[in-house]
Amino acid sequence: MIEYTLNSKKNKQPALVDKLQLSKQGFKLNYQRDITRYYLDSFDNRLYSKQHILEVDADGANLHLCWFQNNIAQSSVTLNKIPQFYNEFPIGPWKNRFQPILEMRALLIQSEIPYQQTEYVLKNKDDKIILSLRFEINQQNTAFSRIRIIPVKGYRKVLQQCTQLLKSSKFVAEKSLIYRQMVKHAQQNYPSLLLPDNFKTDDNSINACKTLLFQQYLNIKHNEKGTIDNIDSEFLHDFRIAIRKSRTAFSLLKNCFSASILSRFKAELAWLSQITSETRDLDVYLLKFPEYRQTIASSMRPFLDHLETHLMMKQQTAQQILSQTLRSKRYQNFCLDWSVFLQSTSAVNEQGKIAQKRITITAVKQIQKAYHQVLHEGRVITSDTHSEAYHDLRKTCKKLRYLLEFFRPILIKTETQSLIKSLKILQDNLGDFQDYEVQVEKIRLFSHELTNVPPETFMAIGILTEHLQAQQRQAKIVFHDCFSQFNSAPNKQRLYQIFETSQ
Amino acid sequence: MTVIASYSIKGGVGKTSTAVNLASMSAAQGYRTLLWDLDPQGSASYYFRIKAKVKGGGKSLLSQKNITQFIKGTDYPNLDLLPADFSLRKWDLLLNKVKQSKKSLQKKLVKIAPEYDYIFLDCPPGLTLLTENIFSTANIILTPIIPTSLSVQTLHQLLEFNKKKRLNLVIYAFFSMVDKRKKMHQKILQELPKQINMLTCKIPYASDIEAMGMHRQALIEFARSSTSTRAYEALWEEICKIINKERL
């Protein structure tokens with residue numbers, strides 16, 4: 001496809017058609033209609049960053065999706081509805097094509113442009129279309145108006161003639177850069193997060209901690225709108241991670257702060273964690289639902305629909321409450337006070353020995369403490385140990401992980417990275433173990449809430465929970481391997497090197 | 001890229017209708033699809049209103065490394081056609097002169113593989129060197145069988161040929177032009193699947209399939225909700241499931 005913008009002074013289409021003498025050239029009117037064109041991409045422009053463009057044309061009766069790559073039209077299909085996630089694309093190559101790029105990200109309407117679209121076609125003597133010419137006029141913003149030449153493979157001569165005709169007419173301007181303008185417009189809604197500079201090795205602990213906390217505060221604010229508007233579940237996920245990291249960092253230097261500061265912000269961060277929990281849990285169950293379906297026989301899968309619908313309704317309610325809470329005075333006051341506090345210079349009560357200690361010393365001490373705690377908690381776990389012990393170990397691992405990530409700027413890079421990689425293996429195993437347990441419990445609770453459903457629904461849920469329990473048992477079996485690879489001599493050596501080079 | 005050949009030793013069994021309809025359904029789903037009309041009769045080319053002519057003829061097709069220059073877009077989004085040429089009736093003679101003659105087709109398709117998800121081959125009847133090229137290229141051989149004794153006989157011949165030459169062809173036979181009023185058809189519909197693994201979908205003998213030549217269009221264009229269209233849709237769905245399962 002070749003696209004031209006119109007010379008802004010002469011873009012009245014009827015006049016253009018006459019001036020170009022299209023009927024003399026053999027073109028015939030194919031159709032004229034009003035459409036709305038939607039451009040789809042994730043909020044972080046995952047498609048565009050890989051040279052893909054998705055356009056959906058809606059003419060009231062039909063939806064038509066067109067895929068471009070490197071500005072070349074690749075493929076198209078008729079839709080029943082605009083897909084929001086990769087698994088909502090119709091049957092065909094679409095899901096496999098876009099799942100690796102989009103993953104769990106929602107497709108958002110980045111731009112919406114109304115057009116009056118008129119297509120002229122050139123046919124040969126076999127009544128076969130050999131070239132199409134489309135005029136797309138936007139009355140509100142003439143900069144979006146354009147002419148598209150849609151060539152047909154193998155009919156190069158007419159394409160060259162048509163291109164020449166348009167270029168020599170002086171009615172067309174440059175080749176279109178419309179999509180780039182729209183990406184720029186969309187990026188204003190969701191700009192990339194620009195974090196302030198990291199702390200330095202010779203910073204004192206209190207200032208370094210405030211820098212860390214301020215970075216997490218910016219992450220919270222960056223994901224706030226997306227969370228309130230429920231655009232994509234990843235906003236809430238990242239929002240919660242920022243809160244969790246804030247709580248960890250805040251507890252590091254709790255001795256530096258006054259009792260009132262400590263209790264106020266500790267309580268508010270815990271409150272934020274609590275109010276976001278239910279919505280996030282429900283998001284996760286809904287995201288996992290395609291996986292749940294795959295665990296049971298295909299004949300039973302439709303019976304899980306009732307559970308899914310129930311979860312969707314609960315998620316909508318929880319989301320509404322969450323959105324209201326994040327618009328509340330309490331939340332706004334917290335954000336204001338927190339940002340003021342984090343950007344303030346050290347107050348009198350932050351002059352204590354601990355607060356003024358060099359951050360590298362504090363970091364090394366905290367990491368050492370967390371590392372030994374992980375080893376201690378992991379070593380006592382046996383096959384008979386209650387699941388509480390696994391959960392506690394998981395929390396400690398998370399703390400260690402955050403510490404390594406917080407202080408990465410001042411630690412030796414390769415050793416820290418290898419340690420984090422090894423820790424992740426253990427964390428993933430513990431995460432699986434706990435997640436399966438929680439899912440089984442919750443799904444059972446949800447099933448008790450279901451009414452007026454066929455008995456097969458409970459059978460299907462029973463099969464699902466059995467599968468999840470089997471997965472949990474499997475996670476328990478491999479725990480010792482995962483822990484042993486972390487509790488290893490190479491990791492001990494890495495930690496030693498981290499400490500040595502940081503001092 | 002997956003290559004699907006619509007092939008039978010016997011003529012007039014529904015090869016072209018199968019290739020044309022399945023290719024158009026593949027394209028409608030958004031798969032980038034090419035239909036190569038290998039039959040000098042040029043019926044598939046006729047359906048798509050493309051002249052059955054290739055510049056330089058079969059000789060040129062064989063000698064050129066990249067066959068993209070011969071491909072034409074159809075009126076259907078996502079669907080291209082490599083038209084037939086009457087000189088293809090001499091392809092066997094030309095292929096005989098070429099080194100590694102059984103792999104000629106495969107070499108050409110490899111070059112254009114990145115551009116297409118599916119390539120359908122509308123094959124001429126018979127068992128020739130061109131057929132052997134098709135056999136070495138296609139991931140799936142789709143064989144339409146009219147439920148008559150002669151048609152069944154040719155299927156057995158094909159399966160025997162596959163076994164004897166140890167070609168390991170992936171052959172999927174299905175019933176075509178089925179007329180359930182006919183006693184012979186009824187009998188064979190019942191008996192043959194007991195002996196041979198067949199696809200479950202059956203394409204009926206229907207006037208709208210014959211009317212494709214009059215409309216010069218695939219069924220989904222002019223008979224979207226007809227029984228024949230639904231039968232081909234079911235056939236396409238069955239084939240897609242096999243392809244996904246075997247990851248062809």
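Quick note on labels: first sequence line is chain A, next is B, and so on, each numbered from 1. Just so it is clear, the values below take in all heavy atoms, side chains as well, and ignore hydrogens, waters and symmetry mates.
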For the interface with chain B, which of A/Ala73, A/Pro151, A/Cys66, A/Pro93 has the highest count of heavy-atom pairs at distances below 4.5 Å?
A/Pro93
Count the heavy-atom pairs under 4.5 Å between each of A/Val152, A/Ile91, A/Val121 and chain B, then report the option with the highest count.
A/Ile91
Cut-off 4.5 Å, heavy atoms of chain B, and the answer for A/Pro90 is neither
Which donor-acceptor pairs sit under 3.5 Å apart between chain A and chain B?
residue, atom, partner, partner atom, Å
A/Ser75, OG, B/Gly30, O, 2.4
A/Ser75, OG, B/Asn78, OD1, 3.3
A/Ser76, N, B/Asn78, OD1, 2.9
A/Ser76, O, B/Asn78, ND2, 2.8
A/Gly92, O, B/Tyr31, OH, 3.4
A/Trp94, NE1, B/Gln29, O, 2.8
A/Arg97, NH2, B/Asp117, OD2, 3.1
A/Asp126, O, B/Arg49, NH1, 3.3
A/Lys128, NZ, B/Gly73, O, 2.9
A/Lys128, NZ, B/Asp75, OD1, 3.3
A/Ile129, N, B/Asp75, OD1, 3.2
A/Lys153, O, B/Gly73, N, 2.8
A/Lys153, NZ, B/Asp80, OD2, 3.0
A/Lys153, NZ, B/Tyr116, OH, 2.9
A/Gly154, O, B/Lys72, NZ, 3.2

Residue part contacting chain A, namely of B/Phe70, when any heavy atom lies under 4.5 Å:
neither
